[in-house]
A.B. asks: 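Let me begin by handing over the structure; questions about it come next.
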There are 2 protein chains.
Amino acid sequence: MYTIGEVAKLLNVTTHTLRFYEKEKIITPERTEHGDRRYSESHLQWLRFVIKLKETKMPLVQIQEYASLFLQGDRTTQKRLGLLKNHQEHVQNQIHVLNEIDDMLRKKISAYEEYLQKRDFS
Amino acid sequence: MYTIGEVAKLLNVTTHTLRFYEKEKIITPERTEHGDRRYSESHLQWLRFVIKLKETKMPLVQIQEYASLFLQGDRTTQKRLGLLKNHQEHVQNQIHVLNEIDDMLRKKISAYEEYLQKRDFS
DNA sequence: ATACTGATTAGAGTAAACTCTAAGTCAAGG
DNA sequence: CCTTGACTTAGAGTTTACTCTAATCAGTAT
């Protein structure tokens with residue numbers, strides 16, 4: 001079990017962010033008798049997953065939705081699957097777009113380099 | 001030459017956004033005698049490029065910087081090249097991260113599917 | 001005893017990137 | 001002639017995702 005400070009350090013977020021996620025019902029850690037948050041391994045895993053999803057521009061509201069499906073348990077498995085598939089498409093699309101841009105940049109860069117070379121030798 | 005409304009439609013942005021970009025010195029279209037904005041083909045190309053850059057999470061301030069280098073002309077070619085290379089690295093990194101996530105999703109999805117199948121047959 | 005550390009809360013503030021409103025002018029097209 | 005679509009400045013409002021403040025409390029260290 002980890003304290004909020006430990007989790008923050010491990011995941012490179014601030015304690016503020018963790019409390020914010022709790023307010024937004026994205027994660028609900030346990031509490032000690034004194035009311036301090038305690039995060040388990042599985043909480044950590046879930047948070048790592050959330051952070052990954054964020055890296056793909058998934059908006060918090062969607063992450064929220066996914067989280068709430070989890071809390072509703074087994075009968076939402078289909079829905080969760082749908083959500084994941086949907087998001088995967090999204091990610092694959094992003095990859096596609098980024099590859100295009102990479103290409104574009106490559107071209108622009110070599111155009112610049114060619115230009116600079118010509119100028120050097122003239 | 002295109003009016004602001006035409007450009008907005010072509011690029012799927014609002015006229016507000018185009019004026020906003022102008023205020024932010026990202027683009028400076030010509031003007032008619034009456035002061036109406038007129039965008040040329042090359043303005044369009046530049047805007048398309050800007051939009052592409054935005055899809056890679058490049059913040060407006062960086063786009064601004066790039067734009068201002070352009071306006072300063074030839075002697076900033078090196079700097080622009082540097083900026084582009086820098087950004088290309090960024091993009092490639094994003095591609096990498098997204099591929100990882102795609103992988104993760106694939107695994108999660110097939111775990112879900114397996115689970116659902118088992119349940120169907122039991 | 002008191003200072004420090006790290007926890008708690010509600011709620012205010014921030015940054016980015018728009019997005020829109022107001023309130024007015026101007027000129028071309030049907 | 002009137003509607004449409006452009007223009008202007010200035011500034012307010014929105015959304016997302018934090019980010020921070022203030023006031024307080026509990027446990028440990030000196």
Side-chain angles (χ1 to χ4, degrees), chain A residues 1-40 43-44 46-68 87 90 94 97 101, chain B residues 1-40 43-44 46-68 87 90 94 97 101:
Chain A
M1 296 297 238
Y2 306 87
T3 68
I4 194 168
E6 285 163 355
V7 174
K9 216 169 260 174
L10 279 169
L11 302 186
N12 254 318
V13 296
T14 67
T15 55
H16 292 301
T17 304
L18 290 171
R19 292 201 191 92
F20 172 71
Y21 283 177
E22 189 171 346
K23 201 169 71 191
E24 300 296 316
K25 304 256 172 68
I26 282 167
I27 188 160
T28 313
E30 289 164 42
R31 299 291 185 129
T32 66
E33 37 193 322
H34 294 306
D36 289 18
R37 290 166 181 80
R38 281 299 124 88
Y39 297 82
S40 69
H43 284 129
L44 268 190
W46 167 244
L47 281 172
R48 281 200 197 94
F49 182 52
V50 166
I51 290 165
K52 281 274 174 214
L53 290 180
K54 284 202 55 49
E55 291 182 66
T56 65
K57 295 185 184 176
M58 191 192 252
L60 275 199
V61 273
Q62 250 175 70
I63 298 178
Q64 261 170 39
E65 200 186 333
Y66 189 79
S68 107
H87 188 58
H90 218 77
Q94 274 182 61
V97 167
I101 292 168
Chain B
M1 295 297 238
Y2 306 88
T3 68
I4 193 168
E6 286 163 354
V7 175
K9 217 169 260 175
L10 279 169
L11 302 186
N12 255 315
V13 296
T14 67
T15 56
H16 291 300
T17 304
L18 289 171
R19 293 203 189 93
F20 172 71
Y21 283 177
E22 190 171 345
K23 201 170 72 191
E24 300 296 317
K25 305 255 173 69
I26 282 166
I27 188 159
T28 313
E30 288 163 41
R31 299 291 186 130
T32 66
E33 39 192 320
H34 295 305
D36 289 19
R37 290 167 182 80
R38 281 299 125 90
Y39 296 81
S40 68
H43 284 129
L44 269 190
W46 166 243
L47 281 172
R48 282 202 196 93
F49 182 52
V50 166
I51 290 164
K52 281 272 174 214
L53 290 179
K54 283 201 56 50
E55 290 183 66
T56 64
K57 296 185 184 176
M58 191 192 252
L60 274 199
V61 273
Q62 248 174 72
I63 298 178
Q64 262 171 38
E65 200 186 334
Y66 190 78
S68 106
H87 188 59
H90 218 76
Q94 273 181 62
V97 167
I101 293 169

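Labels below follow one simple rule: chain letters A, B, ... track the order of the sequence lines, proteins then strands, and each chain is numbered from 1. Just so it is clear, the model here is predicted, and its values are computed rather than measured.
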A.B. asks: Taking side-chain hydrogen bond (donor to acceptor under 3.5 Å, both in side chains) as the definition, give me every residue that meets it alongside B:Tyr39, ordered by chain and number, with sequence neighbours left out.
C.D. replies: none
A.B. asks: Under 4.0 Å, counting only non-hydrogen atoms across every strand here, what does A:Arg31 touch: a base, just sugar-phosphate, or nothing?
C.D. replies: sugar-phosphate
A.B. asks: Heavy-atom contacts under 4.0 Å between residues 12-27 of chain A and DNA chain C, which residues?
C.D. replies: A:Arg19
A.B. asks: What are the 5'-most and 3'-most nucleotides of DNA chain C lying under 4.0 Å from any heavy atom of chain B?
C.D. replies: C:dA17 to C:dA28
A.B. asks: According to a 3.5 Å limit on both distances, what stems of 3 or more consecutive Watson-Crick or G-U pairs are formed with DNA chain C?
C.D. replies: C:1-30 with D:1-30
A.B. asks: For a 4.5 angstrom cut-off between non-hydrogen side-chain atoms, does A:Ile63 reach A:Phe49?
C.D. replies: no
A.B. asks: Kindly indicate whether the side chain of B:Tyr21, heavy atoms from C-beta on, has any atom under 4.5 Å from the side chain of B:Leu47.
C.D. replies: yes
A.B. asks: According to the side chain to side chain donor-acceptor pair (under 3.5 Å) rule, which pairs have a member within residues 49-59 of chain B, sequence neighbours left out?
C.D. replies: A:Glu100-B:Lys52, B:Thr56-B:His87
A.B. asks: Would you give the length of the straight line joining atom OG of A:Ser68 to atom CD1 of A:Ile26, rounded to the nearest 0.5 angstrom?
C.D. replies: 11.0 Å
A.B. asks: Partners of A:Ser40 by side-chain contact (heavy atoms from CB on, under 4.5 Å), sequence neighbours excluded?
C.D. replies: A:Met1, A:Ser42, A:His43
A.B. asks: Give, ordered by number, those residues of residues 51-63 of chain B having at least one heavy-atom distance below 4.0 Å to an atom of DNA chain C; if nothing qualifies, reply none.
C.D. replies: B:Lys54, B:Pro59, B:Leu60
A.B. asks: Under 3.5 Å, side-chain donor or acceptor atoms of residues 7-15 of chain B against the rest of the protein: list the pairs with distances, not counting sequence neighbours.
C.D. replies:
residue	atom	partner	partner atom	Å
B:Thr14	OG1	B:His16	N	3.4
B:Thr14	OG1	B:Thr17	N	3.1
B:Thr14	OG1	B:Thr17	OG1	2.9

A.B. asks: Find the distance between CD1 (A:Ile101) and CE (B:Met58) and round it off to the nearest 0.5 Å.
C.D. replies: 10.0 Å
A.B. asks: B:Arg38 has an atom CZ; how far is it from atom P of D:dG5, in whole Å?
C.D. replies: 14 Å
A.B. asks: Tell me, which of residues 2-11 of chain B have any heavy atom that sits under 4.0 Å from an atom in DNA chain D?
C.D. replies: B:Thr3, B:Ile4, B:Gly5
A.B. asks: Output all residues satisfying side-chain hydrogen bond (donor to acceptor under 3.5 Å, both in side chains) with B:Tyr2, sequence neighbours left out; order by chain, then residue number.
C.D. replies: B:Glu41
A.B. asks: Hey, what are the protein-to-nucleotides 23-28 of chain D N/O distances that come in under 3.5 Å?
C.D. replies:
residue	atom	partner	partner atom	Å
D:dG27	OP1	A:His34	NE2	3.0

A.B. asks: If you measure from CG on B:Leu18 to CD1 on B:Ile4, what distance do you get to the nearest 0.5 Å?
C.D. replies: 5.0 Å
A.B. asks: So how far is it from B:Trp46 CH2 to B:Thr28 OG1, rounded to the nearest 0.5 Å?
C.D. replies: 10.5 Å
A.B. asks: By the salt bridge (charged side-chain N to carboxylate O under 4.0 Å, His left out) test, which pairs, at least two apart or in different chains, include something from residues 14-28 of chain B?
C.D. replies: B:Glu22-B:Arg31, B:Glu22-B:Arg37
A.B. asks: So does A:Pro59 get a backbone contact from the side chain of A:Gln62, meaning a donor-acceptor N/O pair under 3.5 Å?
C.D. replies: no
